[in-house]
Amino acid sequence: AQSVTQPDIHITVSEGASLELRCNYSYGATPYLFWYVQSPGQGLQLLLKYFSGDTLVQGIKGFEAEFKRSQSSFNLRKPSVHWSDAAEYFCAVAPDISGGYNKLIFGAGTRLAVHP
Amino acid sequence: DAGVTQSPTHLIKTRGQQVTLRCSPKSGHDTVSWYQQALGQGPQFIFQYYEEEERQRGNFPDRFSGHQFPNYSSELNVNALLLGDSALYLCASSPVGGADEKLFFGSGTQLSVL
């Protein structure tokens, strides 16, 4: 069965430090891949997505992610973290391309804390 | 332009009761999906509605049902509530023809079952 694994439940970084959040997926073909962010009391906001083409994708708020087929990974990165980046981050995959991108499988999330 | 709106924001029910949650999609969107997010977990897909019909369904029992109206708004109904149904219920909408290829999520309805 398709699955998404986010190995890090909780990460703490200092403001200005670099960030990498890990995501591994289990799927036979190349899926649609997404990263979402959720702040307290708010819905999920899309940071970036990968469907095909260039394996390094740029998103909003200075985030980027790299798709590595050989490692079944889609890690999220940011060169310099801001205090406002503290939130929960979810990696997701749309496993059934024929069904579009509405049915997503989400990882359990990584909670990011930022120290001043 | 309002985004995806959900009501109510919070809801408290007791076991065995029935509940209805409501969602208005973002303007110009015709497809609505519902997700359940238990505490400390990622969202889980419940079902998707398009043209007033259920198009895809996740691994949820028949106690979970939905409806989409001609104006594209949607309802999620849960019957015979269990304690385990306590969760944040998220509604997401997507545009006509999937041109934007992404979901827009509402802020959710927090359901507590006592």
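Lettering of chains follows the sequences in order, A, B, ..., and the numbering in each one begins at 1. Since the model is a prediction, treat every value here as computed from it, not as a measurement.
- Environment of CD1 in A/Ile9: sparse, with no more than 12 heavy atoms of neighbouring residues, nucleotides or ligands closer than 6.0 Å.
- Using a 4.5 Å cut-off between heavy atoms, B/Arg55 makes no contact with chain A at all.
- For B/Arg63, the CZ atom sits in a packed shell: over 12 heavy atoms of surrounding residues, nucleotides or ligands are nearer than 6.0 Å.
- Most heavy-atom pairs under 4.5 Å with chain B, from the set A/Gln45, A/Arg111, A/Gln42, A/Gln6: that is A/Gln42.
- By the criterion of side-chain heavy atoms lying less than 4.5 angstrom apart, applied directly or through intervening Ile, Leu, Val, Met, Phe, Trp or Tyr residues, B/Phe45 is not grouped with B/Tyr49; the two fall into different hydrophobic clusters.
- In the hydrophobic clustering of ILVMFWY residues, with side-chain heavy atoms under 4.5 Å counting as a link, A/Val4 and A/Ile11 come out together.
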Checklist line | Test side-chain contact (heavy atoms from CB on, under 4.5 Å) applied to A/Tyr36 and B/Phe105, step by step | finding: CA-CA 10 Å; A/Tyr36 281 87; B/Phe105 282 85; 3.7 Å; yes
Next item on the list: Step by step, work out the side-chain contact (heavy atoms from CB on, under 4.5 Å) result for B/Leu88 and A/Gln38.
Entry: CA-CA 12 Å; B/Leu88 179 67; A/Gln38 186 177 38; 3.9 Å; yes
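- Under a hydrophobic-cluster definition in which Ile, Leu, Val, Met, Phe, Trp and Tyr are linked whenever side-chain heavy atoms come within less than 4.5 Å, directly or via other members, A/Val57 and A/Tyr25 are assigned to the same cluster.
- Linking ILVMFWY residues whenever their side-chain heavy atoms come closer than 4.5 Å, directly or via other members, leaves B/Tyr89 and A/Ile105 in distinct clusters.
- At least one side-chain heavy atom of B/Leu103 sits less than 4.5 Å from a side-chain heavy atom of A/Asn102.
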Item checked: Worked check of side-chain contact (heavy atoms from CB on, under 4.5 Å) between B/Leu90 and A/Leu44 -> CA-CA 9 Å; B/Leu90 296 165; A/Leu44 296 161; 4.0 Å; yes
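- Of all residues in residues 32-43 of chain B, those placing a non-hydrogen atom less than 4.5 angstrom from a non-hydrogen atom of chain A are B/Ser33, B/Tyr35, B/Gln37, B/Gly40, B/Gln41, B/Gly42, B/Pro43.
- Residues A/Lys103 and B/Arg57 share a closest heavy-atom pair of NZ-O, 3.8 Å.
- Within 6.0 Å of atom CG in B/Asn59, 12 or fewer heavy atoms from other residues, nucleotides or ligands are found, so the atom counts as exposed in its surroundings.
- Residues A/Tyr89 and A/Tyr50 share a hydrophobic cluster, clusters being chains of Ile/Leu/Val/Met/Phe/Trp/Tyr side chains in contact below 4.5 Å.
- Within 6.0 Å of NE2 on A/His115 lie no more than 12 heavy atoms contributed by other residues, nucleotides or ligands.
- For the atom pair B/Gln48 CD and A/Leu104 CG, the distance stands at 10.0 Å (nearest 0.5 Å).
- Note on A/Gly107, A/Ala92, A/Ala108: by heavy-atom pairs under 4.5 Å with chain B, the leading option is A/Ala108.
- B/Ile12 belongs to a hydrophobic cluster whose other members, connected by ILVMFWY side-chain contacts under 4.5 Å either directly or through intermediates, are B/Leu114.
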